[in-house]
Each structure stands twice: as C-alpha cells, then as structure tokens.
Protein chains: 2
Amino acid sequence: MKENQINFSEVDNCPVRNILDRFGDKWSTLVILILGSYDTLRFNELQKMIGTVSQKMLAVTLKKLETDGLVSRKVYPQVPPKVEYSLTALGLSLLPKLESLVQWANENRTIITENRSLKG
Amino acid sequence: MKENQINFSEVDNCPVRNILDRFGDKWSTLVILILGSYDTLRFNELQKMIGTVSQKMLAVTLKKLETDGLVSRKVYPQVPPKVEYSLTALGLSLLPKLESLVQWANENRTIITENRSLKG
DNA sequence: CAGAATCCTGAAGGATACTG
DNA sequence: CAGTATCCTTCAGGATTCTG
C-alpha cells in the first residue's frame with residue numbers, strides 16, 4: 001500500500017461516506033453549484049434554473065443541505081412569501097471541490113464518451 | 001450572475017451530468033480511491049477490502065469503470081483465473097479530485113454531524 | 001477465482017393536488 | 001410563492017445460485 005492519507009478501515013460505516021453520500025443524490029451537487037454561481041436565489045428561481053426538478057425533490061434537497069449547514073434559508077415574512085437560498089461558509093468551502101470535479105468532467109467527457117461507444 | 005466557467009444551460013441533459021452520474025452510485029468512488037491507494041488489486045481483494053459489496057455490484061461497478069476507461073482489467077489466462085484491476089491514466093487524473101472531496105469531508109464531518117443533530 | 005443470471009426488496013424520486 | 005401531503009413507479013442494489 002502506498003502511503004496515503006485515506007483510511008479505509010471500516011470502509012463501510014465510514015463517517016466520510018455519511019458525508020459524501022449526501023452529494024450522491026440527484027440534485028444536491030447541482031444546487032450547490034448553481035447557488036455558487038448566483039449567490040442568492042428564490043425557490044422558484046432555482047426550480048426554473050434546473051428545469052426538471054420536482055417541487056418535492058427540490059424542497060427535500062434544500063432541507064437536507066440546510067440541515068447539514070451547507071445552505072442558508074432566509075424567509076421574508078410577507079404575502080406571498082419570499083424565501084432566499086444561498087451557500088453558507090461551509091457550502092462555499094465545498095464549492096471549489098465540486099467545481100474541480102465538473103472541470104475534470106468537462107475536460108474528459110469527449111474521451112469518456114468515445115470509450116463508452118467503443119465498448120458498447 | 002458571477003463570472004463562472006460552468007455552463008448551466010440545458011442543465012438537465014447536461015453532458016457533464018452524464019459523466020458525474022457515474023460516480024454518484026454507491027461504489028465507483030470507493031473503488032477508484034482504493035485502487036488509487038493499492039495500485040493493483042484482484043477482484044476478491046477489492047471485495048474483501050470494501051467488505052460489504054456484493055459480487056454483483058462490484059462486477060457491475062468495475063465493468064462501468066472499465067467501459068469509461070477509468071480502470072484497466074488484466075486477465076491472466078490460468079486456472080483458477082486471476083484478474084487484476086488498476087487505474088488507467090484517466091482514472092489517475094480523477095483520483096486527486098476525489099481525494100480532495102474526501103479530505104473536505106474529513107475536515108468537516110464533525111461540524112456537519114453537529115449540524116445534523118441540532119436540526120434533528 | 002471471477003464472474004454471470006435470476007429474483008426480489010426498499011428507497012429515491014416523479015406527478016398531482018392541496019394550503020398558509 | 002413556497003412549500004406539504006399522497007400516491008405511485010422505477011430501478012439500484014442485495015441475496016442466492018450456478019459456471020468456466
């Protein structure tokens with residue numbers, strides 16, 4: 001084994017997995033990336049921007065992210081209600097890591113697509 | 001909108017999503033991280049290391065990663081068969097991005113766990 | 001040993017309707 | 001507008017069995 005900072009012992013109930021699984025869902029990563037670009041967005045703005053999220057899943061996703069402390073939720077007590085979402089400091093600290101992943105995907109999507117079509 | 005290298009147009013059928021979804025599954029990321037640490041591993045070694053993957057899912061995961069060109073598969077024609085898996089150059093280029101995510105998760109898992117217990 | 005094939009379950013996620 | 005509440009469908013993934 002090469003020297004490595006990663007500990008794979010108890011790899012299954014790994015605490016790191018509990019964190020990373022949160023971004024393994026369908027929408028969390030996308031929401032973070034978009035909030036990272038637009039600073040502050042309302043619920044409907046987010047939904048329109050993503051285009052295909054159901055209201056339910058956007059609500060669930062935002063609630064999870066808020067619970068983890070990655071996204072903050074600001075409610076304006078008015079009628080009709082206005083709620084603004086943005087990244088917290090914690091969310092902002094994650095942002096560059098995700099952007100780095102996206103960048104990698106962009107740089108390599110052509111080769112990967114070719115690989116896929118080659119092997120069926 | 002801040003200046004940003006990420007294009008969210010057609011965010012749903014986004015080609016980047018087609019790539020990233022590959023790592024959103026349960027085992028791909030873990031396999032890549034482990035192969036990144038151990039260079040070369042046989043099927044059973046990988047399975048024992050992860051501990052809780054079913055044979056089926058490890059096989060499926062490895063086949064996907066091989067199809068994408070992230071993992072290479074070397075077969076030794078002998079009985080009983082011996083198959084070794086390792087990262088390709090492409091897989092190695094992804095490795096640091098994933099390790100960076102793991103590092104972030106490690107650094108912030110305490111605070112996130114606290115946030116979760118606070119908000120229930 | 002390294003898998004392929006089959007069956008089965010739970011949970012993620014969508015559609016729709018309703019509400020403060 | 002910003003959700004919640006239900007119902008329903010799909011499919012990722014586990015358990016098991018079989019094979020070259």
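Lettering of chains follows the sequences in order, A, B, ..., and the numbering in each one begins at 1.
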When rounded to the nearest 0.5 angstrom, what distance separates CG in Leu70(A) from NZ in Lys64(A)? 12.5 Å
Whole angstroms only, please: what is the CD-C1' distance between Gln47(B) and dG14(D)? 12 Å
Counting only side-chain nitrogens and oxygens, does Tyr85(A) get under 4.0 Å of the OP1 or OP2 atom of dG3(D)? yes
Which atom pair, heavy atoms only, marks the closest approach of Arg116(A) to Asn18(B)? NH2-O, 3.3 Å
Provide, to the nearest angstrom, the distance between the CG atom belonging to Leu62(B) and the P atom belonging to dG13(D). 14 Å
For Val53(B), does its backbone N or O pair with a side-chain atom of Gln47(B) as donor and acceptor, under 3.5 Å? yes
Send over the distance from Lys48(A) NZ to dG3(D) C1', rounded to a whole Å. 15 Å
In whole angstroms, the gap separating P of dT17(D) from CD of Gln55(B) amounts to 13 Å
If the condition is side chain to side chain contact (heavy atoms under 4.5 Å, CB included), which residues does Val75(A) pass it with, not counting sequence neighbours? Arg73(A), Val83(A)
Whole-Å distance separating the NZ atom of Lys26(A) from the P atom of dC11(D): 10 Å
Rounded to whole angstrom units, what separation is found between the CG atom of Leu58(B) and the P atom of dA15(D)? 14 Å
From the 5' end of DNA chain C to its 3' end, which nucleotides mark the outer limits of contact with chain A, defined by a 4.0 Å heavy-atom distance cut-off (strictly under)? dG13(C) to dG20(C)
What residues, two or more places apart in sequence or in another chain, satisfy side chain to side chain donor-acceptor pair (under 3.5 Å) together with Glu84(B)? Tyr76(B)
Contact nearer the 5' end of DNA chain C, comparing Asp25(A) with Pro81(A): Asp25(A)
Return the value, rounded to whole Å, for the distance between atom CH2 of Trp27(B) and atom C1' of dG14(D). 10 Å
Between the first and last five pairs of the helix from dC1(C)-dG20(D) to dG20(C)-dC1(D), the angle of the axes, rounded to 10 degrees: 50°
Expected output is a numbered-order residue list: members of residues 71-80 of chain B with a heavy atom under 4.0 Å from any atom of DNA chain C. What is it? Arg73(B), Pro80(B)
Apply side chain to side chain donor-acceptor pair (under 3.5 Å) to Asp25(A) and list each qualifying residue two or more places apart in sequence or on a separate chain. Ser28(A)
Non-neighbouring partners of Glu107(B) that pass side chain to side chain donor-acceptor pair (under 3.5 Å), sequence neighbours left out: Gln103(B)
Taking atom C1' of dG13(D) as reference, at what distance in whole Å does atom CG of Asp21(A) sit? 13 Å
Test side chain to side chain contact (heavy atoms under 4.5 Å, CB included) applied to Ser93(B) - qualifying residues, sequence neighbours left out: Trp104(A), Leu90(B)
Is there a donor-acceptor contact under 3.5 Å from the side chain of Glu45(B) to the main chain of Arg42(B)? yes
Asn44(B): what forms a side chain to side chain donor-acceptor pair (under 3.5 Å) with it, not counting sequence neighbours? none
Tabulate atom names and distances for all N/O pairs under 3.5 angstrom spanning the protein and nucleotides 7-9 of chain D.
none

With sequence neighbours left out, write down each residue that passes side chain to side chain contact (heavy atoms under 4.5 Å, CB included) with Ser86(A), or none if nothing qualifies. Thr40(A), Ser72(A)
Donor-acceptor check, side chain of Thr67(B) to backbone of Lys63(B), threshold 3.5 angstrom: yes or no? yes
All side chain to side chain contact (heavy atoms under 4.5 Å, CB included) counterparts of Ser54(A), not counting sequence neighbours: Lys56(A), Met57(A)
Can you tell me how far CG of Asp68(A) sits from CD1 of Ile112(B), rounded to the nearest 0.5 angstrom? 5.5 Å
